[in-house]
Amino acid sequence: MKKLVAILIVVFAVFFYKSEISDGINKIKDELFEEQIETQTLSSEEIKNISIDNFKTLRIGDSIDSVKSKIGNPSRIDDSEYSFEWYVYNQIAEKFAMVGIEDNKVVALYSNSLDSSELGDIKINNYRTSVIEVYEPLEYKKKGNTRYIIDSDNQYDVINIDNKYITVFYDKYDDYKICSYQVISEKAEDSLNGIYAKESESLRESFELQVIDLTNSVRAQRNLNILKFNEQAKTSSRKHSKDMNDRDFFDHVNKDDESPFVRMKKEGIEYIGAGENIAAGQTSAIYAHEAWMNSEGHRKNILGDYKYIGVGVDFGGSYSTYYTQNFFM
């Protein structure tokens with residue numbers, strides 16, 4: 001796949017925004033990693049009080065008070081690539097959702113498990129054909145005089161319904177069933193200059209945490225163990241993303257001929273099994289995760305027999321955003 005390709009046609013600048021993901025890489029060793037990382041968990045009573053199933057009733061324009069009255073308080077509040085903040089609901093991993101809030105109003109929704117009244121007949125686990133038979137996917141997003149061509153290889157479609165941009169993601173390993181969606185108000189979409197966010201440390205941390213949430217959500221949906229965050233894996237991942245950016249390459253093996261497993265060892269990680277996913281050019285953690293899930297090797301790592309995870313993001317360079325995801329057990 002190419003990097004970012006720009007074609008100037010008459011008065012419109014046209015950009016093809018395709019991104020890269022590597023071949024998934026994994027390796028097994030015979031050492032035992034014994035360190036245990038504690039993570040915060042909710043009591044059964046706290047989980048019972050979270051009415052996340054009410055997510056389906058949320059609408060663009062609802063007040064933040066209405067959101068909290070229906071689905072409770074978020075587990076955290078993240079930055080997004082847009083001007084709004086994501087209220088993240090990961091308390092029940094298999095029912096993951098985010099609500100975009102700006103000026104105390106809902107301007108965006110995301111879920112990989114819960115349907116939305118904003119989508120009408122579009123439902124999780126329906127087939128792609130049910131979408132394209134009713135709606136015409138957009139060929140581009142227009143920002144000012146610039147057209148950003150949408151080239152998704154049928155892994156997602158972007159449609160516009162009632163002044164809302166709806167991205168419907170598909171699982172090509174499950175007959176192109178709908179696996180998640182993102183709803184963005186037209187006003188929020190238009191407020192983003194271009195397609196990439198302005199870099200910040202808080203946005204980097206938000207993307208990293210969202211990748212972990214999305215990974216654990218699809219694992220929970222398949223009755224797999226939840227991966228625990230590991231600081232050393234985060235450090236290894238961040239360093240590799242920065243290295244790919246700084247030295248302008250995209251590979252698991254860096255220019256010093258160091259594999260992911262050498263790099264993890266340098267951070268003090270001992271493992272009996274380890275893996276790595278990398279991606280570049282995706283506009284958000286959501287797009288990076290969905291791309292990995294539609295690639296056999298990356299999907300194998302995300303759903304693999306691991307215990308720990310760390311994620312590192314870096315902004316800038318030829319691909320604008322670089323993602324690295326390290327796993328081990």
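In this chain, residues are counted from 1 in sequence order. All figures in this text were calculated on a predicted structure; none of them were measured in a lab.
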Does the side chain of [Y] come within less than 4.5 Å of [X]'s, by heavy atoms?
{"X": "Q210", "Y": "D78", "answer": "yes"}
{"X": "I166", "Y": "V168", "answer": "yes"}
{"X": "L209", "Y": "V211", "answer": "no"}
{"X": "D256", "Y": "R247", "answer": "yes"}
{"X": "D314", "Y": "M244", "answer": "no"}
{"X": "V311", "Y": "F207", "answer": "no"}

Report whether [X] and [Y] are members of the same hydrophobic cluster (ILVMFWY, side-chain heavy atoms less than 4.5 Å apart, transitive linking).
{"X": "F249", "Y": "I278", "value": "yes"}
{"X": "V134", "Y": "I178", "value": "yes"}
{"X": "V183", "Y": "I161", "value": "yes"}
{"X": "I77", "Y": "L109", "value": "yes"}

Quick one: do the [X] and [Y] side chains pair a donor with an acceptor below 3.5 Å?
{"X": "D157", "Y": "Y170", "result": "yes"}
{"X": "T215", "Y": "Q325", "result": "yes"}
{"X": "Y306", "Y": "N301", "result": "yes"}
{"X": "E102", "Y": "S83", "result": "yes"}
{"X": "Y165", "Y": "S185", "result": "no"}
{"X": "T324", "Y": "S241", "result": "yes"}

Closest non-hydrogen atom pair, [X] against [Y]:
{"X": "I71", "Y": "F55", "result": "CG2-N, 3.5 Å"}
{"X": "E290", "Y": "S180", "result": "OE2-OG, 2.6 Å"}
{"X": "N254", "Y": "H240", "result": "CB-CE1, 4.3 Å"}
{"X": "L303", "Y": "L224", "result": "O-CD1, 3.5 Å"}
{"X": "Y89", "Y": "Y87", "result": "CD1-O, 3.4 Å"}
{"X": "Y181", "Y": "L114", "result": "OH-O, 2.6 Å"}

Under 3.5 Å, side chain of [X] to main-chain N/O of [Y], donor-acceptor pair present?
{"X": "S217", "Y": "L214", "value": "no"}
{"X": "N216", "Y": "L227", "value": "yes"}
{"X": "S51", "Y": "G72", "value": "no"}
{"X": "R219", "Y": "I302", "value": "yes"}
{"X": "S206", "Y": "S202", "value": "yes"}
{"X": "S320", "Y": "G316", "value": "no"}
{"X": "S191", "Y": "A188", "value": "yes"}
{"X": "D103", "Y": "K105", "value": "no"}
{"X": "D115", "Y": "I124", "value": "yes"}

Apply side-chain contact (heavy atoms from CB on, under 4.5 Å) to the pair D79 and E205, showing each step before the final yes or no.
CA-CA 9 Å; D79 280 355; E205 292 175 354; over 6 Å; no
Under-4.0 Å salt bridge between [X] and [Y]:
{"X": "E199", "Y": "R204", "result": "no"}
{"X": "D171", "Y": "R299", "result": "yes"}
{"X": "K239", "Y": "E267", "result": "yes"}
{"X": "K143", "Y": "E189", "result": "yes"}
{"X": "K164", "Y": "E186", "result": "no"}

Verify side-chain contact (heavy atoms from CB on, under 4.5 Å) between I286 and Q182, making sure each step is shown before the conclusion.
CA-CA 9 Å; I286 292 170; Q182 176 177 265; 3.3 Å; yes
In sequence, state the C-alpha distance, the side-chain angles, and the governing distance for R238 and E201, and then conclude on salt bridge (charged side-chain N to carboxylate O under 4.0 Å, His left out).
CA-CA 12 Å; R238 276 194 169 189; E201 181 60 26; 3.2 Å; yes
Drop me the distance from [X]'s [atom1] to [Y]'s [atom2], to the nearest 0.5 angstrom.
{"X": "I309", "Y": "I226", "atom1": "CD1", "atom2": "CD1", "answer": "10.5 Å"}
{"X": "T283", "Y": "Y196", "atom1": "OG1", "atom2": "OH", "answer": "7.0 Å"}
{"X": "S284", "Y": "Y323", "atom1": "OG", "atom2": "OH", "answer": "5.5 Å"}
{"X": "K172", "Y": "C179", "atom1": "NZ", "atom2": "SG", "answer": "12.0 Å"}
{"X": "S130", "Y": "D121", "atom1": "OG", "atom2": "CG", "answer": "8.5 Å"}
{"X": "S116", "Y": "R59", "atom1": "OG", "atom2": "CZ", "answer": "7.0 Å"}

Could you go step by step and tell me if I52 and Q91 meet the side-chain contact (heavy atoms from CB on, under 4.5 Å) rule?
CA-CA 9 Å; I52 193 63; Q91 294 93 332; 5.8 Å; no
Tell me if the [atom1] atom of [X] is crowded by more than 12 foreign heavy atoms within 6.0 Å.
{"X": "N54", "atom1": "CG", "answer": "yes"}
{"X": "K56", "atom1": "NZ", "answer": "no"}
{"X": "D162", "atom1": "CG", "answer": "no"}
{"X": "K123", "atom1": "NZ", "answer": "yes"}
{"X": "E94", "atom1": "CD", "answer": "yes"}
{"X": "K177", "atom1": "NZ", "answer": "yes"}
{"X": "Y135", "atom1": "OH", "answer": "yes"}

If the plane angle is over 60° it's perpendicular, under 30° parallel, otherwise tilted; pick one for Y82 and F84.
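Y82 vs F84 ring planes: parallel.
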If the plane angle is over 60° it's perpendicular, under 30° parallel, otherwise tilted; pick one for Y110 and W86.
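Perpendicular: the ring planes of Y110 and W86 meet at over 60°.
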Verify the ring-centre separation between F328 and Y271: is it less than 6.0 angstrom?
no
Under 6.0 Å between ring centres, would you say that holds for F169 and Y156?
yes
Exactly one of K265, K266, R263 clears salt bridge (Lys or Arg N to Asp or Glu O under 4.0 Å) with E258, and that residue is K266
Is the cationic atom of R128 (NZ for Lys, CZ for Arg) positioned less than 6.0 Å from the six-membered ring centroid of Y176 and within 45 degrees of its normal?
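Verdict for Y176: no cation-pi partner in R128.
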What's the verdict on side-chain contact (heavy atoms from CB on, under 4.5 Å) for I60 and E118, showing C-alpha distance, side-chain angles and the deciding distance?
CA-CA 8 Å; I60 300 298; E118 288 287 2; 3.4 Å; yes
